[in-house]
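Report on the structure given below.
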Amino acid sequence: MPSQYEEERAWEASNHNVHNQYEEEGNEDVIENPDEVLQECLEKFKTPDYIMEPGIFGQLKRYFQAGGNPEQVIEQLSINYSAVAQMANLLAEWLILGGVKVTEVQAMVENHLKDMILKTFDPKKADTIFTEEGETPAWLTEMIEHPTWRSLIYRLAEEYPDCLMLNFTIKLISDAGFQGEITSISTAAQQIEVFSRVLKSAIVGFLQSSDDWQNSVNECAKMVCHGAHTYVYSQVIVHILSQEPRGGAIMKRLSQEITRCAQQSGHDVTPITLALTAGESWRNARTALAAMLSRGALNPADISVLFRAYMQPEPPPVHLLRIPQFLELLVDSLFKLGSKLNPEHKSKYMYLLAYAASVCEGVTPGRPVKDELKATVQAIEKVHTVCNSSASSSELIAELPTLYHCIRFPVVGMGVLVWVECVVTEPSYFKLCTEHCPVHLALLDEVASCHQLLHHRLLRLLVQLFESPQDELEILVQLELKKMLLDRMVNLLSRGCVVPVLRYIKQCWQRGDTDISLIRYFITEVLDAIAPPYTPEFVQLVLPMVENEEITGTMRAEGENDPVSEFIVHCKAHYVV
């Protein structure tokens, strides 16, 4: 292979340079024990292919300085020369002459070398490279230019985190601009320069992602939560960025997602979260909040402390209440099915949730704007009463005007979604349901219409219901149920959640685990709801399903007057497909 021959010539050139270097250095070294040096050198010369070792010229210098016999060293090196590298090159040449592609042969040789290195790698010997050569070897700089060898370095660094040579090589790789490849967090976390670059790449990836932002957040959070030092360092960096007027809110969201990931991994990061939250002078409120966050549960005593603090003429800053974990605990306590609250303290829970959702800081410090507070408290009270009434579906119809009116408040929309999740995921819910579209799911359509930020969680619930087994229902009833859920997805699509819904349906089709009649039903509903112009991404997701004969074959009419043919003709005329 040409590349291997070039590497061999480069190796010979580097050996020649090393030889010249030792000639220039002269014989100033003093040998204290010549016999011991001669014996040590001869033992090394007896090893197979030692003449190919990088340190051959250094050992020859020591050998001759100790008075070694040239004939003996020539004999030893010649006898033990196996020419493994040269034989490998010869075999590679034969394979190429035999018709095997050069790239395949190169991959074959490289993979075998990788396996051999992984089996025989010795970190102590690797560290001697720096002690013997005193500078970065030229071959190491060339090595990191190739993806194959960089991936090998990553694997070795994962197995040997304390190896100085590997840690130095990781820094070289990062300096060369390949930090985006360093997915191993334990490798990156060893050095602050490397970790900073990897963190920067992860944040940039998050900022540039659109519909796939959740995966970008998860990858970034997983990296940050590798250890306490990486978590604190990253959260401080993100916190500083969140203070910027441009893009600060996005970084705040990233910080919150990282905190959530740490909590899901079982880490109590409350002290760090509160340390990065302003309002240090409100010690009682912070102590009460910290106690609840650390336990992951609310209690009347601490809630009362917070309630009194926020009832004062000059209350603590509102963002102290806007820690996502605390908001989730409040929403669950008020709207989750089966949650029991002490009636004496229920109003305090509602007030704090409404305060966090509707109050904003005013121009004058300590004088928040509470214009929407009263209406928000009333909306929470009304919907909480309905959610805890254990009313049947028919009884809920009478409450629909109230629910639809109150759902317009974002915090109430979230509460209704939590409540509906609890109700419809009960195993017997659809078995006992008689309506074509249950009232609870009809409420989700209104949530989708009013609150775009809840689309992701709403789709997750619909997917869970769509994939849940309903073995107790008859086959036809199951199909009708899934069609009803597809209607909810089409509604969600029409409200702006386009790409995530289409991606999910396309995955169902590609997996082959969904009845084709359901895919056909979805496509029919979508074609009835859409009109051009379309984005290229939309066409890329929908067109393969529309063109599929099994899905739309029965939907086509003679000519091109049916929706299927019209969509295909329009896409092929206006888009590159």
Side-chain angles (χ1 to χ4, degrees), residues 256 259-260 263 268 270-271 273-274 277 279-361 366 368-391 396 399 402-403 405-407 409-423:
Q256 293 171 348
T259 302
R260 184 194 301 274
Q263 290 165 347
D268 181 13
T270 302
T273 303
L274 289 177
T277 305
E280 295 82 0
S281 58
W282 301 91
R283 293 186 179 180
N284 290 340
R286 291 172 71 91
T287 302
L289 189 59
M292 291 186 284
L293 294 178
S294 295
R295 288 194 300 268
L298 305 181
N299 65 80
D302 290 324
I303 286 291
S304 297
V305 172
L306 283 176
F307 176 74
R308 287 193 296 271
Y310 281 93
M311 286 295 288
Q312 295 178 16
E314 293 187 11
V318 65
H319 58 249
L320 201 59
L321 293 178
R322 288 180 177 162
I323 296 173
Q325 183 191 1
F326 181 64
L327 291 176
E328 288 174 7
L329 291 172
L330 280 173
V331 170
D332 288 349
S333 66
L334 290 167
F335 295 100
K336 209 164 191 177
L337 211 61
S339 177
K340 297 188 182 300
L341 289 178
N342 188 323
E344 295 180 11
H345 300 283
K346 190 181 294 185
S347 60
K348 298 175 183 177
Y349 288 74
M350 295 178 184
Y351 179 84
L352 290 174
L353 180 59
Y355 194 103
S358 64
V359 174
C360 58
E361 298 294 347
V369 179
K370 303 180 181 180
D371 296 346
E372 299 179 12
L373 178 58
K374 184 177 180 181
T376 307
V377 170
Q378 291 173 348
I380 292 174
E381 288 176 349
K382 291 176 182 177
V383 175
H384 169 76
T385 302
V386 174
C387 294
N388 282 267
S389 64
S390 301
L396 278 177
E399 301 291 345
T402 300
L403 290 170
H405 174 76
C406 295
I407 278 175
F409 292 87
V411 67
V412 176
M414 184 66 191
V416 169
L417 180 52
V418 168
W419 171 58
V420 172
E421 277 182 351
C422 295
V423 174

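Positions are given from 1, in the same order as the sequence printed here.
- Rounding to the nearest 0.5 Å places CD of E280 at 10.0 Å from CG of L274.
- Considering every non-hydrogen atom in both P313 and P315, the closest pair reads O-CD, 3.3 Å.
- Proximity of a side-chain donor or acceptor of S294 to a complementary backbone N or O of A291 within less than 3.5 Å is not detected.
- A side-chain contact (heavy atoms from CB on, under 4.5 Å) with I323 is found for one member of L329, T270, T273 and no other, namely T273.
- Here the closest non-hydrogen pair linking N284 and V305 is O-CG1, 3.7 Å.
- Around the CD atom of Q312, the shell of radius 6.0 Å holds more than 12 heavy atoms that belong to other residues, nucleotides or ligands.
- A distance of 5.5 Å separates CZ of R295 from CG of D302, quoted to the nearest 0.5 Å.
- Between K382 and V386, every side-chain heavy-atom pair lies at or beyond the 4.5 Å cut-off.
- The distance from atom CZ of R322 to atom OG1 of T277, rounded to the nearest 0.5 Å, is 12.5 Å.
- Between D332 atom CG and C422 atom SG the span is 7.5 Å, to the nearest 0.5 Å.
- Using cut-offs of 30° and 60° for the angle between ring planes, the Y351 and Y355 rings count as tilted.
- Rounded to the nearest 0.5 Å, atoms CG (L353) and OH (Y349) are 12.0 Å apart.
- Put simply, the side chain of Q325 gets close to the backbone of L293: a donor and an acceptor are under 3.5 Å apart.
- Residues Y310 and K370 come closest through the heavy atom pair O-NZ, 4.3 Å.
- Between A309 and P316 the shortest heavy-atom distance is O-CD, 3.3 Å.
- Taken to the nearest 0.5 Å, the OG1 atom of T376 stands 5.0 Å off from the CZ atom of F409.
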